[in-house]
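Heads up: the structure comes next, in structure tokens.
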Amino acid sequence: MSFSSNCKAELCRIPITRRSAAIAESYGVLLYCNTFSPHLIRIVTESEDFAARLPRLFKKAFGVEFDTLPDGASGGKQIFLIESQEKIAHIFSAFGVSAKSSVTLHVNFGVLEEDADRFAFLRGAFLAGGSVTDPAKRYHLELITSHHKVSLEACALLLDVGFYPKALSRGGSGILYFKQSDTIADFLTAIGAPVCAMGILQAKVEKDMRNGVNRRCNCETANLTKVVDASIEQVAAIRKLKKSGQFQELPEKLRRTAELRLKNPEATLSELAGQSDPPVSKSAMNHRMRKLVELAGTQ
């Protein structure tokens, strides 16, 4: 199962107990489903958990049954239909509107006065028209509806409960989306999927740790490269001084430093400073090495 499917499966385990919550969740489902019109209700889903929840949800919310149910075969798209004008009129009336007079669908906020009902509405919207990307890949959650006015009003609803989605239009549909891991986790928790929300936060921690390790490795590699390059330059300078006969004329401290470098070409300046007799500071060792390179450069 995909991460999005797991989220919907978790949401579908929420008990259907309060009628007002069932109406609110059904409202979200209908405004984000395939077709919700005065003539036809058509809900299409690939989620077996959502498909199992729908008949119970509509029975609790409206006391009606679907006219056509899926054939029961697992996998693929499952289609639910209500064509009875009487049932559709009854469902519209539950949202405070008339099926005969409603031309443009919109969110009736009077049905969603309680926060619990607002989150139930958003849960239904996600179940019918939402998706969330596997957090191991990237962070992205979106809600898609073919009704632009509904999308704008759902945006206002999200703002009212403390979420700040981005909005766009694509292929004639209105889309609300989040791309921040913390926001997505908070949204999933609010609509009833805390386990999946925790999965997002865990994935973020693992990503941050991996990125931190990679940064440290890159930094250490860069530092090692600098040490190797500096050592090669210093060894070449010392050999040049020996070849020119100037090596024996060097002050004792520089001569002993040069010999120490030739014996330990892979050592860092700090290591050489500690091996010096007597030990010196890293700064002093660096100064001596620069001096050797400068003297070799004059040859």
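Quick caveat: nothing in here was measured; it's all calculated off a predicted structure. Here, residue 1 is the first one in the sequence, and each next residue gets the next number.
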Under the 3.5 angstrom rule, does the side chain of Arg239 hit a backbone N or O of Lys243 as a donor-acceptor pair? no
Under 3.5 Å, side chain of Asn264 to main-chain N/O of Leu260, donor-acceptor pair present? yes
Spell out, as yes or no, whether a donor-acceptor pair under 3.5 Å connects the side chain of Glu271 to the backbone of Thr268. yes
Keeping the roles fixed (side chain from Lys166, backbone from Phe178), state whether a donor-acceptor pair exists under 3.5 Å. no
So, do Tyr32 and Leu143 sit near enough that their side-chain heavy atoms are less than 4.5 Å apart? yes
Heavy-atom donor-acceptor pair, Arg53 side chain to Ile14 backbone, under 3.5 Å: yes
Any donor-acceptor N/O pair, Ser244 side chain to Leu241 backbone, under 3.5 Å: yes
Holding to side chain to side chain donor-acceptor pair (under 3.5 Å), I want the full list of residues that pass it with His140, two or more places apart in sequence or in another chain. Glu142, Lys179
Apply the ring-ring contact (aromatic ring centres under 6.0 Å, His included) test between Phe62 and each candidate in Tyr27, Phe95, Phe92; give the one that qualifies. Phe95
Can you tell if the side chain of Cys12 reaches within under 4.5 Å of the side chain of Leu127, non-hydrogen atoms only? yes
Atom pair CZ/CD1 of Phe36 and Ile82 - distance to nearest 0.5 Å: 9.5 Å
Taking Leu254's backbone N and O only, do any of them form a donor-acceptor pair with Arg288's side chain (distance below 3.5 Å, no angle check)? no
NE2 of His287 to NZ of Lys253, rounded to nearest 0.5 Å, is 10.0 Å
Find out whether Leu262 and Lys242 are in side-chain contact, i.e. whether some heavy atom of one side chain is under 4.5 Å from a heavy atom of the other. yes
Which salt bridge (charged side-chain N to carboxylate O under 4.0 Å, His left out) pairs, counting each pair once, include a residue from residues 122-136, with sequence neighbours left out? Glu25-Arg123
Taking the side chain as C-beta and beyond, is there a heavy-atom pair between Ile43 and Phe66 under 4.5 Å? yes
Between Thr68 and Leu81 (side chain of the first, backbone of the second, donor and acceptor by atom type, cut-off under 3.5 Å), is there such a pair? no
Drop me the distance from Glu153's CD to His106's NE2, to the nearest 0.5 angstrom. 6.5 Å
Should Met285 and Thr257 count as side-chain neighbours, where that means a heavy-atom distance under 4.5 Å? yes
Option passing side chain to side chain contact (heavy atoms under 4.5 Å, CB included) with Cys7 (candidates Ser2, Cys196, Ser47): Cys196
Report whether Ile144 and Leu168 are members of the same hydrophobic cluster (ILVMFWY, side-chain heavy atoms less than 4.5 Å apart, transitive linking). yes
Rounded distance (nearest 0.5 Å) linking atom OG of Ser20 with atom CG of Asp117: 4.0 Å
To the nearest 0.5 Å, tell me how far Ile88 CD1 sits from Ser37 OG. 6.0 Å
Measure from the side-chain N and O atoms of Asp67 to the backbone N and O of Glu83, and report whether any donor-acceptor pair falls under 3.5 Å. yes
Determine whether Leu11 and Ile191 make a side-chain contact, defined as any pair of heavy atoms from C-beta on separated by less than 4.5 Å. yes
Checking the side chain of Lys282 only, and the main-chain atoms of Ala273 only, is there a donor and an acceptor separated by less than 3.5 Å? no
Does either side chain, that of Arg42 or that of Thr35, offer a donor lying less than 3.5 Å from an acceptor on the other one? no
Linking Ile, Leu, Val, Met, Phe, Trp and Tyr through side-chain heavy atoms less than 4.5 Å apart, which residues share a cluster with Val195? none
